[in-house]
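Here the structure is laid out as structure tokens; the discussion comes afterwards.
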2 protein chains.
Amino acid sequence: MTSIQSGAKRDMEMSTKPAANGAHKAAIRQENEEQILAAAERVFADYGFKGATTARIAEIAKVPKANVHYYFSTKEALYRRIMEDVCDHWLEAAMTFDNSADPAVILRGYIEAKMDLSRARPYGSRLWAHEIIRGAKFSSEYISTTVKDWLDSRVIVIKGWIDEGKMDDIEPYSLMYMIFATTQHYADFGRQIEIFNNDQPLSEEQFAEAKENVVRIILKGVGLNETHP
Amino acid sequence: MTSIQSGAKRDMEMSTKPAANGAHKAAIRQENEEQILAAAERVFADYGFKGATTARIAEIAKVPKANVHYYFSTKEALYRRIMEDVCDHWLEAAMTFDNSADPAVILRGYIEAKMDLSRARPYGSRLWAHEIIRGAKFSSEYISTTVKDWLDSRVIVIKGWIDEGKMDDIEPYSLMYMIFATTQHYADFGRQIEIFNNDQPLSEEQFAEAKENVVRIILKGVGLNETHP
DNA sequence: TTTTAACCTGACCAAACGGTCAAGATAAAT
DNA sequence: ATTTATCTTGACCGTTTGGTCAGGTTAAAA
């Protein structure tokens, strides 16, 4: 980082300094919280709740450990806060699975949204994996209400498509689990895929090809050809 | 367990007691090691390497903590030993994917073997998931040699099928990742599936149906109909 | 019976853990 | 200029952690 860039960066960052009211303090708070949250997401994603340490979070966030506890009272509070963010993003992807239009279009859109989420926020996906593997101690209520309600409603939509003869008579839950599994695999097992790919992360082209293959196999697998219903 | 069964069981287990040489000591060693290994597999699967504690392993194995260290010098040695077992079982399932016979028969056999492994040894699958999520610190060499060699050889087999026009022209790695993801999902995310299934583990019938659905969707998805090549 | 080798474990240790706190630094309000 | 509220952090605390060890018990060998 050159001195010129530093100067430019400082100008940007400090532009709120002389603003009215306590804008500077608020900006400091926001920046520190974001720093800590980003670090915590990584550490929790790597080690799970029990294995993660506040010291490591502080180290990555580049703040003293005591400062972590100033912004987030306990390790658990920090964990829950991050889980909320992860759930929000999941819900956003879930909303792409509406019950309008053509089944093939909807399924394709949903699979692509889930694949993109795995690419954009792999730490969130891995955090979720930890949470479930450990027995969903923090989130079983959320799963048994919000997520289950959504899933059951999508199963009904799929059953409707089956009844209308638009696709094969497959068990909708099995299909949904396959979509969950395959799309999240690209985040959760990203390191394994990277090793198979000669220790290189998937390029944008490779990932796009993988996404297209996932869509093709699943759509054809349930009897949905995209040209016409 | 009735007293008759208990008696029968004791006869079996203790039959080596008065045998020649140090058979009793050997039996004690074997039983304790098995107890500790089984407990460790569960605890490591729940919490990962860092999150797991030797105290918890000892508690579940019903031996004093010092005894765990008598049989396995360090936590890491115990972890590596269990990883070996997991890899052995994976290799066994991998061997069902040979390059003889009909593609549909082979793929079906491999998917079913992986599904059965997820059902029979969910802890091993979850342990593997932890290991990969954390960055494959202990097993990257194993993956980049043994597993990668096997995977690359299977990709060549699949490419052969594609060249012979036996199945659609899909990217073989994408297909393999889908099989890994979907089959392991039934172990790694078993708790989530259980919640969706009204807090009941999948029954044998439900699991068999899921297995059949996975096979059907994937085979059809890559253009393999099972009646004839 | 005596000796020897293996097994067992309560008590302990240094290091790492989540969390606290007092005292100082900074910036907004008066 | 002074007060007030927020932000910062080194030092600390009680607990848990992986690991050790001396002294004991048990069973095989002599």
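Sequence lines set the chain letters: A, B, ... in the order given, protein chains first and strands last, and positions in each chain run from 1. Everything numeric in this text was worked out from a predicted model, so none of it was measured.
Separating the OH atom of A/Tyr71 from the C1' atom of C/dT20 is a distance of 18 Å, rounded to the nearest angstrom. Look at CD on B/Gln35: it is 15 Å from C1' on C/dC8, rounded to the nearest Å. Atom CG of B/Asn67 and atom P of D/dC21 are 17 Å apart (whole Å). Atom C1' of nucleotide C/dA27 and atom CD of A/Glu31 are separated by 17 Å, given to the nearest angstrom. The interatomic distance linking A/Glu33 (CD) with D/dT8 (P) rounds to 11 Å, in whole Å. Rounded to an integer number of Å, the gap from CZ of B/Arg56 to P of D/dG18 is 13 Å.
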Check: protein-nucleotides 14-18 of chain C nitrogen or oxygen pairs below 3.5 Å:
residue: C/dG18; atom: OP1; partner: A/Ala52; partner atom: O; Å: 3.1
residue: C/dG18; atom: OP1; partner: A/Thr54; partner atom: N; Å: 3.4
residue: C/dG18; atom: OP1; partner: A/Lys75; partner atom: NZ; Å: 3.2
residue: C/dG18; atom: OP2; partner: A/Thr54; partner atom: N; Å: 3.0
residue: C/dG18; atom: OP2; partner: A/Thr54; partner atom: OG1; Å: 2.9
residue: C/dG18; atom: N7; partner: A/Lys65; partner atom: NZ; Å: 3.0

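With sequence neighbours left out, A/Glu141 forms a salt bridge (Lys or Arg N to Asp or Glu O under 4.0 Å) with no residue at all. When the side chain to side chain donor-acceptor pair (under 3.5 Å) test is applied to A/Glu92, no partner is found at least two apart in sequence or on another chain.
Of the candidates C/dT9, D/dT6, C/dC8, C/dC8 carries the atom nearest the B/Asn32 side chain, counting heavy atoms from C-beta on. Distances from the side chain of A/Arg29 to the nucleotides D/dT8, C/dC7, D/dT6 place D/dT6 closest.
Note on B/Arg81 versus B/Glu84: no salt bridge recorded, every NZ/NE/NH1/NH2 to OD/OE distance being 4.0 Å or above.
When only modelled atom types and interatomic distance are considered, A/Glu131 and A/Tyr79 share a side-chain donor-acceptor pair under 3.5 Å.
Using a 4.0 Å heavy-atom cutoff across all strands shown, B/Phe72 reaches no nucleic acid atom at all.
Ring centers of A/Phe138 and A/Phe49: under 6.0 Å apart, within the cut-off.
Test B/Arg108, B/Glu112, B/Lys114 against B/Tyr110 for side-chain contact (heavy atoms from CB on, under 4.5 Å) and you get one pass: B/Lys114.
Distances shorter than 4.0 Å separate none of the side-chain N or O atoms of B/Tyr70 from OP1 or OP2 on C/dC8.
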